[in-house]
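By convention in this document, chain letters (A, B, ...) are assigned in the order of the sequence lines, proteins followed by strands, and residues within each chain are numbered from 1.
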Amino acid sequence: MSAFKAPIGTRDVLGEEGARFAAVVSRFGRTVGLFGYELVVSPMFEDVGVFRRGVGEESEVVTKEMYVFEDKGGRSLALRPEGTASVVRAYVQHRPPLPWRCWYLTPAFRYEHPQAGRYRQHHQLGAEALGSADPELDVEVIGLLATFYRALGLRRLELKLSSMGDGACMPAYRALLAGYLESRSAELCAEHRLRYSRNPLRVLDCKKPECRLVAEAAPRLADALCGPCRDHFGRVTSGLDALGIPWRHDHTLVRGLDYYTRTTFEFAATALDSAQNGLGGGGRYDGLAEALGGPPTPGIGFGTGVERILLACEAEELADLGTGVPQVFVVDLLGGRAATLLADELRRAGVSTTRAFDDRSLKAQLRQADRSGARLAVIVGPDEEATGTVTLRSLRRDSVAGPGEADAAEGPGAEQRRVGRQDLLAAVSGWLR
RNA sequence: GUGGCCGUAGCUCAGUUGGUUAGAGCGCCAGGUUGUGGCCCUGGAGGUCGGGGGUUCGAGUCCCCUCGGUCACCCCA
């Protein structure tokens with residue numbers, strides 16, 4: 001096969017799916033607008049250090065999944081594997097007034113073996129809020145994501161919540177856990193027997209039965225939290241309760257990115273039976289700005305995958321995401337220029353309009369009009385031209401109501417009628433109402 | 001990175017122990033209607049059977065390699 005295909009793990013979104021993709025994005029835009037977040041656009045590639053130091057040297061994403069390349073100037077760059085590190089880098093560079101609350105849509109690249117709901121390029125919608133350590137901000141950000149999912153009509157969701165502690169209690173817990181694991185290291189699975197000391201937290205969500213057994217009895221982070229972290233977590237959960245957002249404390253929620261402190265959360269779609277049912281997640285990253293060379297600045301945010309959302313909507317059979325079908329289809333038997341002008345007039349008036357090209361037969365144009373999903377055809381041919389009129393024809397089963405003369409041959413209740421050329425807009429908008 | 005399953009028209013698939021010019025449905029295009037879509041009828045276009053090599057008189061069918069898809073592990077959106 002000599003024709004090119006999209007690279008492995010990537011895909012083209014078009015047709016019906018394109019309409020749903022656009023609907024998801026626009027609904028996110030509406031939601032963040034409701035919350036007063038501003039759009040931030042940052043580059044799709046960054047100095048590789050942004051991710052190494054931001055996401056974490058030890059993380060799976062950085063160690064094995066990054067697309068790293070050298071440009072012609074010898075700079076070492078990486079395609080962004082996620083959104084947060086870039087946004088925080090932009091914050092450090094521009095220092096916008098705090099609190100800075102923003103949102104984005106970005107492709108994300110990870111070199112992984114593709115499978116259901118997982119691609120080498122996927123798309124994330126995200127929001128970040130920097131400059132406040134107030135737990136009410138955590139509640140707002142999680143609430144924003146919940147509001148968005150609700151706006152899409154998603155119902156079968158589970159919110160998992162945890163706390164990663166902070167600079168005071170996390171290192172102590174890590175040491176405590178490492179000590180515990182050492183005492184039972186012989187019982188761990190082959191992989192973790194050798195690597196538990198490098199990142200003890202990973203053992204907690206290892207799926208191997210032997211590790212699970214050891215993890216059951218391990219000291220819990222929730223019990224090791226310092227006072228301030230415990231208070232913070234309590235304020236977050238009570239805030240979610242107050243907003244009526246159900247949640248579940250998940251001790252095994254150890255998110256893969258190293259920058260998280262305190263609150264971490266993840267929404268899973270229970271309607272999805274595939275292995276990848278995580279819709280979106282995030283957390284607080286109070287040390288991230290500093291790690292990227294900026295002033296200490298607390299922050300919290302999330303990313304959510306558009307492809308996963310689309311899968312979840314499909315699983316919950318949410319058909320009504322609003323497709324981009326036009327309202328009017330102009331049929332032109334005069335060679336095509338008349339359609340250009342009529343479509344322009346309708347579009348200027350805010351009526352979404354499409355038309356045919358290549359001067360096809362009336363039959364062919366109407367067939368195309370039917371398929372387009374438009375409600376109404378506006379037909380111009382020699383007869384209309386001679387009489388200064390246009391013909392409005394219903395493309396549905398209903399008849400053409402409103403102003404204008406019913407087609408003499410069809411009588412009242414006809415599915416098409418003639419109106420004066422100058423009455424086009426009034427007749428069309430009357431009909432579409 | 002590891003493993004299971006699968007690659008025949010745009011899509012979903014059929015193709016008998018290897019045997020003539022590779023089929024169907026849907027979709028697309030045209031006609032049946034001197035200006036009327038949806039339903040129906042008729043016709044048409046569209047395939048180097050993923051690619052390469054091998055076995056054979058002969059390969060969509062058998063063997064090897066390779067590329068791709070899919071699902072799972074790992075990890076994550």
With distance as the sole criterion, do the side chain of [X] and the base of [N] form a donor-acceptor contact below 3.5 Å?
X	N	result
A/Glu384	B/rG35	yes
A/Lys363	B/rG32	yes
A/Gln365	B/rU36	no
A/Asp370	B/rG38	no
A/Arg118	B/rC75	yes

Would you kindly give the CD-to-C1' distance between A/Gln368 and B/rG27, to the nearest whole Å?
-> 14 Å
From CG of A/Leu366 across to C1' of B/rG31 the rounded distance in Å is 16 Å
Using a 4.0 Å heavy-atom cut-off across all strands, classify A/Gly9 as base, sugar-phosphate, or nothing.
-> sugar-phosphate
Identify, between A/Ser361 and A/Leu279, the residue whose nearest nucleotide on RNA chain B lies closer to the 5' end.
-> A/Ser361
Under 6.0 Å between the ring centres of A/His122 and A/Phe109?
-> no
A/Phe267 vs A/Phe265 aromatic rings, parallel, tilted or perpendicular, using cut-offs 30° and 60°?
-> perpendicular
For A/Arg156 and A/Glu316, what are the C-alpha separation, side-chain angles and deciding distance, and is it a salt bridge (charged side-chain N to carboxylate O under 4.0 Å, His left out)?
-> CA-CA 8 Å; A/Arg156 300 174 57 190; A/Glu316 290 204 34; 5.5 Å; no
